[in-house]
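Worksheet: one structure, shown below.
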Amino acid sequence: MVFTLRILVFSLFLSAVLPVGFSLAQDIQFSFTPETANFAPDRFRMDIFRDDGETRSARFTANEVIFGDGSSMIAGAHQYSVSANRAYVGALFIRGGQVSVEIYRSDGDLVNRIAPLADHDSNDPSIRLYMQNDGSFIYQDNIAGFTFYDERGAEVFRASNSSGSVDGETISTYSTPDYARVSYVINPEIYDGDLVRSRVQKMDMPGEPEPVISLPGMAIREVVPHPAGRMLVILAQDAETGTDRGYVTSFQGQLLAELDYEENEIRELVLSDDGRFVTARASGRVLVHRVIDGERLGSASFSETVLVAAYMPDGILSVLTGRRSADGQLENLRGHMIDIEQRRVVRETTTRTVYTSELFPLRFMYVSSGTYRLEGTNRGLEIRHGL
């Protein structure tokens, strides 16, 4: 069953006044994780827990990766890529008209060096590396070309995601679940005369990509698979009106939900860990609803910009508002914890600041009931509340 949600009614305003029936208490504590408390703005820690129980880390700056105590490092890469489990770091180099790749474990051990990987076309803007959890990787070039390599660095197969449209298309993108062996290739925009369409295809073995879903009149902005690979969340925009729209589908493309927000924007859609709920984030608004039947659990509006939001396993809508500066600093942070069922809210402001990196997505992680961690920043920020 497909449903459409139009959010025009109930909303929980958390700016100057709380609606009748909601209680407010100042009961949120912020702290940095001990391992990252002293990290500089350009240092991003990536921990890996080895089989022998020892923890190793890699630190990322704008132009280099430093492993462990600094005795090993990578510098001068065209692009870095980190696997979802943070076990592998890939570095793509362009030198002397050729492309090469180096793959490292996050403890600094070199796994593979493939040189040359391919010839470099200076007019190709699509060259990109995607690391996988087992040390395998995908190399993209020629707008819609994808070459799959195994964990030994051997080429497995090549495939094209080209639409074949005579009017052209934008650069294909790639997405994969954190913990599932399946790959999705996306055509964000395909042009057919004055018309625009987009599509998602599955590509996990040699041969032609398998169609998952096609969206006429829509330009895809982002595709995020559920970590276990069971569902996809697709964020798209109407090519004619600019209206944002969200879709939740099965991994085979069955449409489970379509989110129509009328004139409201959607900046991000976040599936819960169990795949039962989806959180929609706009610049000043957050909504949570159940996927299976479309029931809206609640929504909230804010006077500050919403930076990140997620519906937690303990039933709390966790929201962080604040400001992101040009250099990636998050400041004026305020946490809002909302118990939608009990209609209770706690919120608090912190003077702590963190920095973001393009390598790591900004997201809330559930630690335990009442305790969450902001990840994707130079210093891990833990948030505890007493709801």
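Any value given below was found using the heavy atoms of this structure, including those in side chains, with hydrogens, waters and symmetry copies removed.
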Any luck finding a side-chain donor-acceptor pair between [X] and [Y] under 3.5 Å?
X: Ser160; Y: Ser162; answer: no
X: Glu265; Y: Ser283; answer: yes
X: Tyr130; Y: Gln140; answer: yes
X: Ser198; Y: Glu189; answer: no
X: Thr356; Y: Arg324; answer: yes
X: Arg384; Y: Ser31; answer: yes
X: Asp327; Y: Ser325; answer: yes
X: Tyr174; Y: Ser183; answer: yes
X: Asn161; Y: Tyr184; answer: no

Side chain proximity check, [X] to [Y], heavy atoms < 4.5 angstrom:
X: Tyr247; Y: Leu259; answer: no
X: Val200; Y: Ile220; answer: yes
X: Leu333; Y: Leu307; answer: yes

Query raised in the report: Does the Arg113 side chain pair with the main chain of Val101, one donor and one acceptor, at a distance under 3.5 Å?
Result: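 Absent.
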Report task. Measure the acute angle between the ring planes of Tyr311 and Phe277, then classify it against the limits of 30° and 60° as parallel, tilted or perpendicular. Result ->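 The rings of Tyr311 and Phe277 stand perpendicular, inter-plane angle above 60°.
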Query raised in the report: Phe137 vs Tyr149 aromatic rings, parallel, tilted or perpendicular, using cut-offs 30° and 60°?
Result: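 Because their plane-to-plane angle is under 30°, the rings of Phe137 and Tyr149 count as parallel.
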Any ion pair linking [Y] and [X] (charged N to carboxylate O, less than 4.0 Å)?
X: Asp141; Y: Arg128; answer: no
X: Arg343; Y: Glu341; answer: no
X: Arg334; Y: Glu348; answer: no

Query - Tyr104 ring center near Phe67 ring center (under 6.0 Å) - result: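 Distance test on ring centres: under 6.0 Å, yes.
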Query - Given Phe148, Phe146, Tyr139, the one that forms ring-ring contact (aromatic ring centres under 6.0 Å, His included) with Phe157 - result: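 That would be Phe148.
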**Report entry** Distance (rounded to the nearest 0.5 Å) between His120 NE2 and Gln98 CD
**Finding:**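 Reported value, rounded in 0.5 Å steps: 11.5 Å.
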Report task. List the steps and the verdict of side-chain contact (heavy atoms from CB on, under 4.5 Å) for Glu240 and Val196. Result -> CA-CA 9 Å; Glu240 183 175 346; Val196 174; over 6 Å; no
Report task. Verify the neighbour count for atom CZ of Arg352: are there more than 12 heavy atoms of other residues, nucleotides or ligands below 6.0 Å? Result ->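 Counting neighbours around CZ of Arg352, more than 12 heavy atoms of other residues, nucleotides or ligands fall under 6.0 Å, so yes.
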Requested in this report: Start with the C-alpha gap between Phe251 and His226, add the side-chain angles, then the distance that decides, and say whether ring-ring contact (aromatic ring centres under 6.0 Å, His included) holds.
Outcome: CA-CA 9 Å; Phe251 70 95; His226 184 273; over 10 Å; no
